[in-house]
Amino acid sequence: MKEMKGTLSTFAGDSFPALQMDVYDLTNENGYQDFLKEETIEVPVPFTNKKVTYYPQKRVGVALTSLGASRAVSLGAYAFALAQLDNKITN
């Protein structure tokens, strides 16, 4: 999370965000609630009388695993294999 929310610097001393979007920690209740907030604006469609809803904020939600990626993938593959075996037995 720290790296994704961090900044990068140029040789000239300018700095800018590492990502173009805001990053939210979905495992944290405050981060989750902030991610769910809808901040929209109405934008007119050119050459019509219509307006559309626009979400001006780019954002991404990140869920951190307590198992670790390797263990989570292994458990998912195991569950999938068991489901496939169940399908062969019942069909």
Yes or no on side chain to side chain contact (heavy atoms under 4.5 Å, CB included) for K37 and D34, after CA distance, side-chain angles and deciding distance? CA-CA 5 Å; K37 288 181 186 171; D34 289 343; 3.3 Å; yes

Derivation of the side chain to side chain contact (heavy atoms under 4.5 Å, CB included) call for V43 and V45: CA-CA 6 Å; V43 179; V45 178; over 6 Å; no

List the steps, then state whether side chain to side chain contact (heavy atoms under 4.5 Å, CB included) holds for K58 with D22. CA-CA 6 Å; K58 293 180 184 178; D22 294 328; over 6 Å; no

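Between the R59 side chain and the F35 main chain, a donor and an acceptor come within less than 3.5 Å of each other.
For T40 against P56, the heavy-atom pair with the smallest separation is CA-CD, 4.3 Å. Shown here for K5 and V23, the closest heavy-atom pair between the two residues is CE-O, 3.1 Å. Of all the heavy atoms in K51 and P44, the pair that sits closest is CG-CA, 4.0 Å. Among all heavy-atom pairs drawn from Y24 and M1, the shortest one is C-CE, 3.9 Å.
In the hydrophobic cluster analysis, where Ile, Leu, Val, Met, Phe, Trp and Tyr join through side-chain heavy atoms closer than 4.5 angstrom, L19 is grouped together with V62.
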Would you tabulate the side-chain donor-acceptor contacts of residues 64-84 under 3.5 Å, counting partners in other chains and residues two or more places apart, or write 'none'?
unit_1 : atom_1 : unit_2 : atom_2 : d
T65    : OG1    : L67    : N      : 3.0
T65    : OG1    : G68    : N      : 3.3
S74    : OG     : S70    : O      : 2.9

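F16 is listed as a side-chain neighbour of T10, based on a closest heavy-atom distance under 4.5 Å.
Between atom OH of residue Y55 and atom CD of residue E38 there is a gap of 4.0 Å, rounded to the nearest 0.5 Å.
Under the salt bridge (Lys or Arg N to Asp or Glu O under 4.0 Å) criterion, K50 pairs with no residue, sequence neighbours left out.
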